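Chain identifiers are assigned alphabetically (A, B, ...) following the order of the sequence lines, protein sequences preceding nucleic acid strands; residue numbering begins at 1 within each chain. Predicted model only: the values in this text are computed from it and were never measured.
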Amino acid sequence: MKPNLKRRIPSLLLDGPHAAKSFEFTDWQYVGDPVQIARLFSEKEVDELIVLDPSVSRDGRAINKRLLEKIAQQFHGPITYGGGVRDPATARMIVGLGFEKVALNRVSTAADPAAISELSAAIGEQAITLVIDIITTCGALALYDYRNGRSVPISPDELLVQVNAAQVGEVVLQFVDRDGTSAGLERMITREIASRAKRQVVVSGGAESYEAVAAYLQDSPVSGVIASSLYTFFPQTRSVLINYG
Amino acid sequence: MRMKPTSAIGIVNLPNSNVASWVHFLNHNGYACDVLRKPDDIVGHDTIILPGVGHFSNGAAYLWDTGLGDALMALHATGGVKIIGICLGMHLLYEGSCEGSGTGLGIFKGEVLALSKMTDRSTNIGWGHVDIREIGRQKVYFNHSFYVPPNREETIAHFTYRDLRFSAMVRGRNTFGIQFHPEKSYTGGLKILRTLFHEA
């Protein structure tokens with residue numbers, strides 16, 4: 001079976017008007033001007049860029065349309081936005097700015113199961129990415145709710161059912177407890193889901209080096225890897241260095 | 001391939017489409033362009049882009065309701081316009097699509113089909129290499145759930161996803177359909193579009 005070329009996807013996290021980087025989605029560190037960072041990633045012709053603004057849902061802020069517009073103007077490759085997109089009108093607005101995919105968190109769609117099919121009718125299922133937050137504390141798989149920090153245990157089979165039931169183009173398995181740790185990408189659960197999923201699966205959380213990501217992509221049935229720290233920092237000092245080798 | 005400078009590029013303002021991406025991409029690469037919203041807007045443009053994100057039914061309804069579809073077909077009949085349809089825009093060049101109701105422009109015969117009916121995945125998202133007749137091998141970005149089967153007359157590049165072979169690019173005289181997104185494919189996409197824009 002002939003696969004596509006697998007994608008290495010930098011993520012750009014927004015915190016208000018700034019780009020920032022988190023550790024397990026807390027402890028935010030200032031990174032720089034997101035428009036300039038998007039321009040640099042565009043010049044490097046990255047496989048895709050995902051722009052996430054967790055502050056929209058977390059703090060009830062409005063989507064920063066002006067900033068997203070500037071980012072889209074500077075970035076000339078595939079680009080996804082996630083943060084506070086719930087309804088067809090907002091999804092259309094994001095696509096209108098120049099993003100071809102919107103990302104939704106499982107938590108927001110679980111509260112409103114009709115939301116995904118409404119969005120799909122508006123912009124097409126290929127334009128929707130579902131992000132599932134997962135933690136694997138002590139080896140036990142659990143769905144994570146970023147709103148209250150709680151987790152609910154789930155079996156891999158149940159997770160697969162959720163992945164396949166979603167009418168979306170792609171599912172991101174986001175291993176929250178690996179975020180910003182460079183501890184390595186999760187292998188076992190991801191393989192089990194991605195090899196049996198009817199959707200393309202992308203993994204996020206813990207990418208440690210170019211070499212490790214390349215080896216992982218060669219070996220794993222995933223369609224891509226999302227990484228933030230890896231493409232944002234110089235590894236030894238954690239000083240900002242936008243890179244994509 | 002004889003080269004001539006392109007003149008005016010117009011982008012059809014299809015609903016829910018990525019018109020902004022096209023404007024950014026073309027301006028960034030030194031091409032002026034206008035967004036077309038009504039039949040009169042077409043006047044003076046010899047290259048028309050039908051962009052594509054969104055749903056076939058909505059796109060088809062927009063073309064016929066605004067009168068842009070009839071204006072485009074009238075111009076097409078004179079041979080005076082180059083039409084480039086991208087993704088959904090490519091599908092709108094066909095007679096219909098199993099994505100939804102509505103009639104396409106029908107410049108190409110046949111119907112657009114669903115990936116989910118033929119493969120174990122409903123969407124193809126990602127990069128691949130395509131060999132395009134007279135342009136060569138380029139790395140391009142796909143993001144679609146529907147496809148056009150290969151056809152001996154029209155297909156000038158094909159792609160295989162999950163064992164399914166489909167048309168990556170079709171051509172009929174001065175009409176082109178492109179399943180992937182050249183406007184999202186950096187230098188590879190630019191090379192393809194430059195060739196199409198400047199081709200006599």
- Task: Kindly indicate whether the side chain of B:Val23, heavy atoms from C-beta on, has any atom under 4.5 Å from the side chain of A:Gln73.
- Result: no
- For B:His158, look at atom NE2 and say whether over 12 heavy atoms of other residues, nucleotides or ligands are found less than 6.0 Å away. no
- Taking the inter-plane angle between the rings of A:His76 and B:Phe25 on a 0 to 90° scale, is it parallel (under 30°), tilted (30 to 60°) or perpendicular (over 60°)? perpendicular
- Message: Quick check on the interface: out of B:Ser145, B:Ser116, B:Ser57, who has the most heavy-atom pairs with chain A under 4.5 Å?
- Response: B:Ser145
- Query: So does B:Met118 have more than 12 non-hydrogen atoms from other groups sitting under 6.0 Å from CE?
  - Reply: no
- Least distance between heavy atoms, A:Lys101 atom then B:Asn143 atom: CG-ND2, 3.8 Å
- Rounded to the nearest 0.5 Å, what's the gap from NE2 on B:His55 to CD1 on A:Ile123? Could you check? 12.0 Å
- Measure the spacing between CG of B:Asn18 and CG of A:Leu97 and express it to the nearest 0.5 Å. 11.5 Å
- Message: Please rank A:Val95, A:Val168, A:Ile79 by heavy-atom pairs under 4.5 Å with chain B and give me the top one.
- Response: A:Val95
- Task: Could you give me the CA-CA distance, side-chain angles and deciding distance for A:Gln126 and B:Asn124, then say whether side-chain contact (heavy atoms from CB on, under 4.5 Å) is met?
- Result: CA-CA 8 Å; A:Gln126 85 292 335; B:Asn124 169 29; over 6 Å; no
- Task: Answer with side chain, backbone, both or neither: which region of B:Glu99 has an atom nearer than 4.5 Å to a non-hydrogen atom of chain A?
- Result: neither
- Contact origin within A:Ala121 toward chain B - heavy atom pairs under 4.5 Å: backbone
- Query: Considering only heavy atoms from C-beta outward, does the side chain of B:Thr123 approach that of A:Glu170 to under 4.5 Å?
  - Reply: no
- Note on the structure: When every non-hydrogen atom of B:Tyr186 is compared with those of A:Phe41, the smallest separation belongs to OH-O, 4.5 Å
- Message: Taking side chain as everything from C-beta outward and backbone as N, CA, C, O, which of these in B:Asn29 sits under 4.5 Å from a heavy atom of chain A? Side chain, backbone, both or neither.
- Response: neither
- Query: Quick one: NE2 on B:His28 to CZ on A:Phe75, what's the gap to the nearest 0.5 Å?
  - Reply: 11.5 Å
- Tell me, with the steps shown, if A:Lys198 and B:Thr119 meet side-chain contact (heavy atoms from CB on, under 4.5 Å). CA-CA 9 Å; A:Lys198 292 196 178 78; B:Thr119 74; over 6 Å; no
- Part of A:Val202 within contact of chain B (heavy atom distance under 4.5 Å): neither
- Under 4.5 Å heavy-atom distance to chain B, tell me which part of A:Ser42 shows up: side chain, backbone, both or neither. both
- Taking non-hydrogen atoms and a cut-off under 4.5 angstrom, which of residues 105-113 of chain B neighbour chain A? none
- So, A:Glu100 and B:Ser21: side-chain donor and acceptor under 3.5 Å apart, yes or no? no
- Message: If I measure from the heavy atoms of chain A, does B:Tyr141 come under 4.5 Å with its side chain, its backbone, both, or neither?
- Response: side chain
- Query: Which heavy atom in A:Gly96 sits nearest to a heavy atom in B:Ala20, and how many Å separate them?
  - Reply: O-CB, 3.0 Å
- Query: Have B:Ser122 and A:Glu125 got a donor and an acceptor in their side chains that come within less than 3.5 Å?
  - Reply: yes
- Test item: B:Trp127 side-chain N/O and A:Asp47 main-chain N/O as donor-acceptor pair under 3.5 Å: yes
- Message: Does any backbone or side-chain atom of A:Arg199 lie under 4.5 Å from a heavy atom of chain B? Answer side chain, backbone, both or neither.
- Response: both
